[in-house]
K.L.:
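I'd like to ask some things about the structure below.
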Number of protein chains: 2
Amino acid sequence: MNYSIHEVAEKFGLSAHTLRYYDKEGLLPFISRNKSGNRTFTELDLNWLAMICCLKNTGMPIKDIKQYSAWCKQGIETIDERKELLQEHRKQVVKQIEELQKNLELIDSKIATYENPELARQLDEQLERARSTV
Amino acid sequence: MNYSIHEVAEKFGLSAHTLRYYDKEGLLPFISRNKSGNRTFTELDLNWLAMICCLKNTGMPIKDIKQYSAWCKQGIETIDERKELLQEHRKQVVKQIEELQKNLELIDSKIATYENPELARQLDEQLERARSTV
DNA sequence: ACTTGACTTAGAGTTAACTCGAAGTACTAC
DNA sequence: GTAGTACTTCGAGTTAACTCTAAGTCAAGT
C-alpha cells in the first residue's frame, strides 16, 4: 500500500508544498516515484517521515536533519555519527523540557496573582509608582 | 540601582539590538530614559523583562506579548484579559512539554537501536531492500 | 480528442524575529 | 576643545522555514 503526497500531507498535518520542500532539501532521500514521476510513500517512508518530523518538532534545524538523512542514506558506516548527533540533540530536548517547566512555573505564579484581584491591583500600582518616581 | 541596556543585555543573554527591537515593538512600555535619552532599567524592569522572556521562550509570538504589555500598561481593568491570555498560553506550554516528552521517547528508541550494532545494521538493510523493490 | 485534476519543477514571495549599518548626540578623560 | 565611548534612531538586510505561483506533464473519464 503506497500513499500520494497529499495523503501523506494529510496524515502528518503538513502541506504537500512542505513535503516537496523537505524532499528538495534532502530530508526524504528514500522516496520513490511511480511511472508518472509522482512521489509514492510506503509504510516505511511514513516511519522515516515520522522520525524527520520528530527531529523537526524538537527544534533540530533542517540542515542538521539533512546531514542525518545523508548519513542514513550512506549506510552502516555512519552509525557512530548518527548516534552522536542524536545523543547531542537529546540533551537539547531535555534542556528544552526543563526550561519549559521552569517557565511554566512563572506563568502559573502570574496567573495566581490574577486569580487574586487585590494582589494584582497592588502589583499594577507598584509598577505605576515605579514609573512616576524615575 | 539602575542598569544600562548593555548590562541588561548581558544579564539576559540578549543583545542590545534585540532589547531595542523589543522596545520598538512595544514589549517594554515601562522603560524610562535618563537625561541623555538613554534607556535605564530598574530592578522592577528586570522582573518585567524576565516575564517577557518567559513568554517569548515558551513560544508566544511578539505580537501577543505586545498585546499583553499593552494590557498591563492600561491598568487593572484589563486583568481578566491578561488572565485569559496566560491561561490559554499555559495550555500551549503544557502541550509543548507533552509533545517534547513523546518525541524524546522516539529519539531514545532510535539511539537504542544505534547502541545495538546488529539491530542498526538490520534496519539499514531493511531500508535498502525497500528501496530496491519499488 | 478533450477536459479535469493531481501531480511535477524552478524559482519568487512571505513571515517572524532578529541583526546590522549609518548617522547623529551626549557625557568623560585628557 | 577634542578624542573616545556609549548610547540614540531609522531603516535596510538577513535567516530559517516555509508558501505560493506559473508553466508544464500525465493518466483517467466522457
Side-chain angles (χ1 to χ4, degrees), chain A residues 1-42 45 49 51-70 89 92 96 99 103 134, chain B residues 1-42 45 49 51-70 89 92 96 99 103 134:
Chain A
M1 178 55 183
N2 285 10
Y3 303 91
S4 74
I5 195 167
H6 279 281
E7 284 166 346
V8 175
E10 173 76 14
K11 260 183 205 297
F12 280 81
L14 301 169
S15 72
H17 283 309
T18 301
L19 285 175
R20 286 194 204 99
Y21 166 67
Y22 287 170
D23 193 8
K24 190 160 60 175
E25 292 299 312
L27 271 48
L28 311 175
F30 300 120
I31 307 305
S32 301
R33 305 299 183 104
N34 63 16
K35 53 278 171 207
S36 312
N38 297 0
R39 292 169 186 82
T40 64
F41 293 73
T42 65
D45 293 333
L49 184 55
M51 187 67 202
I52 296 304
C53 287
C54 168
L55 295 178
K56 195 209 56 157
N57 292 335
T58 50
M60 184 182 285
I62 298 283
K63 72 166 191 38
D64 289 3
I65 305 179
K66 177 181 182 163
Q67 175 64 83
Y68 177 72
S69 302
H89 184 58
Q92 295 303 314
Q96 275 184 68
E99 301 243 316
N103 283 325
V134 169
Chain B
M1 177 55 183
N2 284 11
Y3 303 91
S4 75
I5 194 166
H6 280 280
E7 286 167 345
V8 176
E10 174 76 14
K11 261 184 204 295
F12 281 81
L14 301 169
S15 72
H17 282 310
T18 301
L19 285 175
R20 286 193 205 99
Y21 166 68
Y22 287 171
D23 194 10
K24 189 160 59 173
E25 292 299 312
L27 270 48
L28 311 176
F30 300 119
I31 309 303
S32 301
R33 304 300 183 104
N34 63 17
K35 52 275 172 211
S36 312
N38 296 2
R39 292 169 186 82
T40 64
F41 293 73
T42 66
D45 292 332
L49 185 54
M51 187 66 203
I52 296 304
C53 286
C54 167
L55 296 179
K56 196 209 57 157
N57 292 334
T58 49
M60 185 182 285
I62 299 284
K63 71 166 193 38
D64 288 4
I65 304 179
K66 177 183 183 162
Q67 174 64 81
Y68 177 72
S69 303
H89 184 58
Q92 295 302 315
Q96 277 184 67
E99 301 241 316
N103 283 325
V134 169

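Protein chains get the first letters and strands the later ones, always in sequence-line order, with residue 1 at the start of each.
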K.L.:
Check whether any side-chain nitrogen or oxygen of A/R39 sits under 4.0 Å from OP1 or OP2 of C/dT9, and answer yes or no.
P.N.:
yes

K.L.:
For DNA chain C, which residues of residues 56-68 of chain B approach it to below 4.0 angstrom with any heavy atom?
P.N.:
B/K56, B/P61, B/I62

K.L.:
Here's a test of your reading of the structure: between B/K24 and B/E7, which maps to the more 5' nucleotide of DNA chain D?
P.N.:
B/E7

K.L.:
Between B/E25 and B/K66, is there a donor-acceptor pair closer than 3.5 Å when you use the side chain of the first and the backbone of the second?
P.N.:
no

K.L.:
By nearest nucleotide on DNA chain C, pick out whichever of B/L14 and A/H17 is the more 5' one.
P.N.:
A/H17

K.L.:
Does B/S36 have a side-chain nitrogen or oxygen under 4.0 Å from the phosphate oxygens OP1 or OP2 of C/dC27?
P.N.:
yes

K.L.:
Would you say that more than 12 heavy atoms from the other residues, nucleotides or ligands in this model lie under 6.0 Å from the CD of B/E99, or not?
P.N.:
yes

K.L.:
Check whether any side-chain heavy atom of A/I62 sits under 4.5 Å from a side-chain heavy atom of A/Y21, and report yes or no.
P.N.:
yes

K.L.:
Report the distance from atom OH of A/Y21 to atom P of C/dA10, rounded to the nearest whole Å.
P.N.:
15 Å

K.L.:
Would you indicate whether the side-chain heavy atoms of A/S69 and A/I52 approach each other to under 4.5 Å?
P.N.:
yes

K.L.:
First locate atom CE of B/M51, then atom OH of B/Y68, and finally report the distance between them rounded to the nearest 0.5 Å.
P.N.:
4.5 Å

K.L.:
Report the distance from atom NE2 of B/H6 to atom CZ of B/R39, rounding to the nearest 0.5 Å.
P.N.:
10.5 Å

K.L.:
Rounded to the nearest 0.5 Å, what separates atom CD1 in B/I31 from atom CG in B/N38?
P.N.:
13.0 Å

K.L.:
Give me the first and last nucleotide of DNA chain D, going 5' to 3', that has any atom under 4.0 Å from a heavy atom of chain A.
P.N.:
D/dA17 to D/dA27

K.L.:
Does any part of the side chain of A/C53, heavy atoms only, come nearer than 4.5 Å to the side chain of A/L14, both counted from C-beta?
P.N.:
yes

K.L.:
In whole angstrom, give the distance that lies between atom CG of A/D23 and atom P of C/dT8.
P.N.:
9 Å

K.L.:
With DNA chain C as reference, determine whether A/G37 or B/S15 sits nearer its 5' end, using the nearest nucleotide of each.
P.N.:
A/G37

